[in-house]
2 protein chains.
Amino acid sequence: MANNIQFSIAVHILAGLACGCDQEGVTSGRLAQSVNTSPSFVRRTLSKLSKAGLVETTTGKTGACWLAKNAKNISLLDVYKAVDAPKAFAIHSYSEQKECFVSCHIKTALEKALAKTQKAMEASLAEISLAQIVSDVKKK
Amino acid sequence: MANNIQFSIAVHILAGLACGCDQEGVTSGRLAQSVNTSPSFVRRTLSKLSKAGLVETTTGKTGACWLAKNAKNISLLDVYKAVDAPKAFAIHSYSEQKECFVSCHIKTALEKALAKTQKAMEASLAEISLAQIVSDVKKK
DNA sequence: TTATTTGTTACTAATTTAGTAACAATAAAG
DNA sequence: CTTTATTGTTACTAAATTAGTAACAAATAA
């Protein structure tokens with residue numbers, strides 16, 4: 001699968017783990033109930049989070065998942081990177097028209113400009129921790 | 001149609017207009033050559049840019065398009081808004097599981113957090129002018 | 001050995017996005 | 001007044017992406 005709402009689901013899952021931590025381990029089935037989808041679906045995202053070192057899991061009969069770090073130390077940027085969410089902007093890939101210098105150079109010019117924007121977005125994500133999300137969830 | 005590379009194409013079109021300004025008006029057909037697509041496709045984007053006040057057009061036999069403002073005064077944020085490009089993040093819309101407070105409150109918590117990120121991205125776009133893009137295009 | 005879970009792959013369905021075609025409205029030019 | 005060339009818009013089809021499901025091997029506790 002590719003991305004998009006995957007990021008949002010990943011945050012949901014992590015918030016679920018953060019809140020279920022009193023139970024010392026939660027199953028993909030339980031998370032699936034909270035998200036309202038199938039355990040398979042949850043596990044695919046969970047797998048990415050695990051590879052990124054944000055959650056830990058055990059297999060086997062008493063298999064379960066839990067946060068690998070304190071929620072304070074997990075930023076939304078970590079999550080964004082873990083699920084490999086799409087870039088803020090895509091650049092069209094039409095072939096160049098050689099006689100036209102705009103056509104030939106617009107892409108590199110755009111890439112340069114949009115790299116800044118991407119950085120700005122990521123910097124913003126870096127400043128939001130999972131703990132803040134969890135706090136907001138509990139507040140209301 | 002919806003979005004995504006539309007933004008990138010819109011910038012290409014505007015850069016084309018900025019560079020063709022010596023000719024005092026460019027047709028959708030000419031722009032289509034530069035972008036390497038059909039005039040129809042160009043016009044649909046052009047239409048949005050026109051409604052947003054970034055370009056001006058005339059119809060009829062000698063119909064053409066040109067920038068409505070100096071390229072210095074057009075920011076990428078103007079373009080982003082004009083083409084109604086998608087938000088940086090979508091939030092999943094699964095129905096809530098009433099017994100689970102994470103499920104019930106995660107979306108508003110996420111909306112709040114992601115609004116900041118969206119703002120950061122837009123602020124970054126606001127600082128990049130079409131003139132800068134054009135300058136980069138001409139440089140190389 | 002059985003039950004239950006993760007991790008992974010393969011697959012189908014739905015939605016979104018890309019791209020084309022067609023044509024009315026407009027206006028300049030002959 | 002007719003012709004020609006353009007914009008603006010809508011409708012449509014095709015392609016690509018994304019969502020979501022199913023199935024099963026590997027793991028491990030009981």
Side-chain angles (χ1 to χ4, degrees), chain A residues 1-10 12-13 17 20 23-33 35-52 54-66 68 82-87 89-95, chain B residues 1-10 12-13 17 20 23-33 35-52 54-66 68 82-87 89-95:
Chain A
M1 192 193 295
N3 324 47
N4 212 0
I5 66 164
Q6 279 241 283
F7 171 77
S8 149
I9 288 172
H12 187 150
I13 288 171
L17 289 174
Q23 285 126 41
E24 166 62 22
V26 172
T27 65
S28 64
R30 183 116 185 286
L31 288 168
Q33 286 187 321
V35 177
N36 227 327
T37 186
S38 69
S40 246
F41 191 70
V42 168
R43 283 204 298 277
R44 193 162 31 188
T45 299
L46 216 35
S47 168
K48 290 182 179 179
L49 296 173
S50 166
K51 282 176 183 158
L54 303 182
V55 313
E56 286 175 354
T57 63
T58 44
T59 59
K61 183 162 184 177
T62 55
C65 325
W66 58 90
V83 300
D84 193 33
K87 290 287 192 305
F89 293 104
I91 296 179
H92 62 284
S93 54
Y94 300 153
S95 59
Chain B
M1 193 193 293
N3 321 46
N4 213 1
I5 66 163
Q6 277 243 286
F7 171 77
S8 149
I9 288 172
H12 187 150
I13 288 171
L17 290 174
Q23 285 125 38
E24 165 64 23
V26 172
T27 66
S28 65
R30 184 118 185 286
L31 288 168
Q33 286 188 322
V35 178
N36 228 328
T37 185
S38 68
S40 248
F41 191 69
V42 167
R43 284 204 297 277
R44 194 162 31 190
T45 299
L46 216 34
S47 168
K48 289 183 180 178
L49 296 173
S50 165
K51 281 176 183 157
L54 304 182
V55 313
E56 287 175 353
T57 63
T58 44
T59 58
K61 182 160 186 178
T62 56
C65 324
W66 59 90
V83 300
D84 194 33
K87 290 287 193 304
F89 293 104
I91 297 177
H92 62 283
S93 54
Y94 299 153
S95 59

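Proteins come first, then strands; the chains are lettered A, B, ... in the order of their sequence lines, and each starts at number 1.
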Going 5' to 3' along nucleotides 23-30 of chain C, which nucleotides have protein heavy atoms under 4.0 Å from the base (write B), which only from the sugar-phosphate (write S), and which from neither (write -)? ---BBB--
With sequence neighbours excluded, what pairs up with A:Q33 under the side-chain contact (heavy atoms from CB on, under 4.5 Å) test? none
Starting at CZ of B:F41 and ending at P of D:dT10, how long is that distance when rounded to a whole Å? 17 Å
For B:I5 and C:dT16, what is the distance between atoms CD1 and P respectively, to the nearest whole Å?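 Rounded to the whole Å, the gap is 17 Å.
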Non-neighbouring partners of A:A68 that pass side-chain contact (heavy atoms from CB on, under 4.5 Å), sequence neighbours left out: A:E56
Can you find a side chain N or O atom of B:S47 that sits less than 4.0 Å from OP1 or OP2 on D:dT9? yes
Between B:T57 and D:dG8, is there a side-chain N or O to OP1/OP2 distance below 4.0 Å? yes
Return the set of residues passing side-chain contact (heavy atoms from CB on, under 4.5 Å) with B:T62 (not counting sequence neighbours), or none when no residue passes.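 For B:T62 there are no side-chain contact (heavy atoms from CB on, under 4.5 Å) partners, ignoring immediate neighbours.
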In whole angstrom, give the distance that lies between atom NE2 of A:H92 and atom P of D:dA15. 21 Å
A:F7 CZ - D:dA19 C1' separation (whole Å): 18 Å
How many whole angstroms separate atom CD1 of B:I9 from atom C1' of C:dT17? 11 Å
Would you mind reading off the distance between A:N36 atom CG and D:dA19 atom C1', rounded to a whole angstrom?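 In whole Å, D:dA19 C1' and A:N36 CG are 15 Å from each other.
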Side chain to side chain donor-acceptor pair (under 3.5 Å) with B:S93: which residues, sequence neighbours excluded?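 Counting only residues at least two positions away or on another chain, B:S93 forms no side chain to side chain donor-acceptor pair (under 3.5 Å).
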Using the closest heavy atom to pick a nucleotide of DNA chain D for each, name whichever of A:S38 or B:G63 lands nearer the 5' end. B:G63
In this structure, how many angstroms lie between the C1' atom of C:dT9 and the CZ atom of A:R44, rounded? 9 Å
Within the 4.5 Å heavy-atom criterion, are A:S50 and A:V55 side-chain neighbours or not?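 Counting from C-beta outward, A:S50 and A:V55 do come under 4.5 Å.
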Within the modelled atom types, does a donor on one side and an acceptor on the other bring the side chain of B:R30 and the base of D:dT6 under 3.5 Å apart? no
B:T59: which residues meet the side-chain contact (heavy atoms from CB on, under 4.5 Å) condition with it, sequence neighbours left out?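 Expected list: none.
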OG1 on A:T45 to CD1 on A:I13, rounded to 0.5 Å: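 So the gap between those two atoms works out to 4.5 Å.
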Could you state the atom-to-atom distance from NZ of A:K87 to C1' of D:dT17 in whole Å?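 In whole Å, D:dT17 C1' and A:K87 NZ are 17 Å from each other.
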